[in-house]
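Report on one structure; see the data block that follows.
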Amino acid sequence: MVLAELGSKLTNALKNLATSTVVDSRVVDELLKEIGNALIASDVNVRLVFQLRQNIKSQINLEELAGGVNKRKIIHQIVFEELCKLLDSGCAPYEPIRGRCNVIMFVGLQGSGKTTTVTKLALQYKKRGWKSCLVCADTFRAGAFDQLKQNATKVRVPFYGSYNEADPVKIALEGVNSFKEEGYEIIIVDTSGRHKQEADLFEEMQQVAQAVNPDNIVFVMDGSIGQAAFDQAVAFKEKVAVGSVIITKMDSHANGGGALSAVAATKSPVLYIGTGEHMEDLEPFSTRPFVSKLLGMGDLQGLVRKIKEVVPMNDEGAMQRLSQGIFTLRDMKEQFANIQKMGPMNQVLEMLPGMNQILKQIPGAGNDSSARIRLYMTIMDSMTDQELDDKKIWENKVKSESRIARIARGSGRQIREVNELLDQFKYFENMMKNMKKLAKGGQMNTRNMGQLANMLPSNLLKQVGGAGGLQQLMKGMNANMFDK
């Protein structure tokens, strides 16, 4: 998880509040102290931390709160809102327009991950149906064009660059004009970086910006520099019209909180945060969902949005079979394929309330789940259509043994792993049958909710707040799923 240590400390501070017998001024002071220490440890500016503590304290008047009012819930909400203010720039980032050419120019210091990030962004737009491409105008760093070429080829995005031309302005202009003629909607220009903020860097940036006239200038910043991000962001904004910021390396450094708060203080909207080295590891940044996940509250709206993006809701045949409790290996394979489209498993799991606590207790749990799904997909690729569609053929144990041996050989896996897949299928099949019973009548009554709670692992049920928390979770997902 991004800023896992900060999130853990903030969650523990709020948990201590929840378990306090009496909520008085001493408990509030201890809460504010723990929150302040956690933010300072994440390299958030001391002045900003002090202001946040003052803002929270000024809104908490224990004497004026009426009897019977849930003080813990009110304090929790105040903390949430103030953390959102700390990380929110108050400015909306640039939104590309469909059906026209949108030129996005990247700037930043060398080593911030700029060339990798341009490819990640191009892939993000490509997945969303945009016609995206890349232009390499970095002629300063040796191997820059080779790196961009390799990355672009990997994600199958068109690119433009030159081994012979030394003028970055000429390359940028030729590349942008070429892709405009071909009707590309997202044209991302990668520019040269430097080891520090040099006059040559700023002059070159200004020349490229004047030549290609970008719709949005994205400043790529290394999250490990913490609150020093403030001076860097201001310096770049003074030279070019920075429209938004992408903060990289947020998965491996504790200083990311300082970088986020510092950028927000410059009134520059954070567009994405880099959460890993893989091309899919670029996460859209939105303040309220980010803080919600940080505090272990999940992000149900984001989860439902991801589900809607990858699950074909218009497949009436599949939906009808599932509603009738009919579930085959092919159905499971299709669902696994949809899960893979949602991105890294640990990021998906973090969107469930309380799940980040489980992920912290089981290091690499999300990555292990992703690897297991890929293994199962490989095994199912070696099955015949009959084996995927007709579950009755697995009832004959004698014939099943020879099938399992053949599938194991064909997929290069062990017989034990094929049996694990079949056991997992039986578990999902039973769950689908139970879900059919639970959904009977279109209502989730108390008895059915208890049955659903019994189907979940005990540690997961505990983290979502027991049967009551599960009911709220189901209501929230249902409301977001059908929200127009």
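The first residue of the sequence shown is numbered 1, and numbering continues consecutively from there.
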For this session: Take K33 and E30, measure what salt bridge (Lys or Arg N to Asp or Glu O under 4.0 Å) needs, and give me the verdict at the end.
Result: CA-CA 5 Å; K33 180 181 177 182; E30 186 63 28; 5.1 Å; no
Exercise. With a 4.5 Å heavy-atom cut-off, do V189 and I104 have their side chains touching?
Worked result: no
Problem set entry | T191 versus E204, side-chain donor and acceptor atoms under 3.5 Å | no
Exercise. Under 4.5 Å between any side-chain heavy atoms of Y272 and V245, yes or no?
Worked result: no
Exercise. Does one side chain, of E81 or Q77, offer a donor that lies under 3.5 Å from an acceptor on the other?
Worked result: yes
Exercise. Can you tell me if R141 and T115 form a side-chain donor-acceptor pair at under 3.5 Å?
Worked result: yes
Exercise. Heavy-atom count around Q206 CD within 6.0 Å, excluding the residue itself: above 12?
Worked result: yes
For this session: Determine, for K120 against D281, whether the closest basic-nitrogen to carboxylate-oxygen distance falls under 4.0 angstrom.
Result: no
Exercise. Do D222 and T248 have side-chain atoms, one donor and one acceptor, less than 3.5 Å apart?
Worked result: no
Problem set entry | Residue pair Q59, E82: steps toward the side chain to side chain donor-acceptor pair (under 3.5 Å) verdict | CA-CA 10 Å; Q59 296 178 63; E82 288 301 322; 2.7 Å; yes
Exercise. Would the number of heavy atoms belonging to other residues, nucleotides or ligands and lying under 6.0 Å from CD of Q150 be above 12?
Worked result: no
Exercise. With the threshold set at 4.0 Å, does a side-chain nitrogen-carboxylate oxygen contact exist between R288 and D88?
Worked result: no
Exercise. Would you say the side-chain atoms of Q51 and N55 include a donor-acceptor pair closer than 3.5 Å?
Worked result: yes
For this session: Determine whether more than 12 heavy atoms belonging to other residues, nucleotides or ligands lie under 6.0 Å from atom NZ of K333.
Result: yes
Exercise. Does the side chain to side chain contact (heavy atoms under 4.5 Å, CB included) test come out yes or no for N16 and L31, once each step is laid out?
Worked result: CA-CA 8 Å; N16 292 337; L31 170 70; over 6 Å; no
Problem set entry | Donor-acceptor contact below 3.5 Å, side chain S89 vs main chain K267 | no
Problem set entry | pair F140-Q110: side-chain heavy atoms closer than 4.5 Å | yes
Exercise. Considering only heavy atoms from C-beta outward, does the side chain of E429 approach that of M332 to under 4.5 Å?
Worked result: no
For this session: Please say whether more than 12 non-hydrogen atoms of neighbouring residues, nucleotides or ligands are located less than 6.0 Å from CZ in R98.
Result: yes
Exercise. After noting the C-alpha distance and the side-chain angles of S286 and F290, does the key distance pass the side chain to side chain contact (heavy atoms under 4.5 Å, CB included) rule?
Worked result: CA-CA 6 Å; S286 183; F290 180 83; over 6 Å; no
For this session: Taking the side chain as every heavy atom from C-beta outward, state whether Y94 and N102 have any pair of such atoms under 4.5 Å apart.
Result: yes
Exercise. Under 4.5 Å between any side-chain heavy atoms of L83 and L52, yes or no?
Worked result: yes
Exercise. Are I217 and F106 close enough that some pair of their side-chain heavy atoms sits under 4.5 Å apart?
Worked result: no
Problem set entry | Side chains of L282 and I246 in contact at under 4.5 Å (non-hydrogen atoms) | yes
Exercise. Can the positive tip of K131 be found less than 6.0 Å from the middle of the six-membered ring of Y184, inside 45° of the ring normal?
Worked result: yes
Problem set entry | NZ/NE/NH1/NH2 to OD/OE distance under 4.0 Å, R100 and D215 | yes
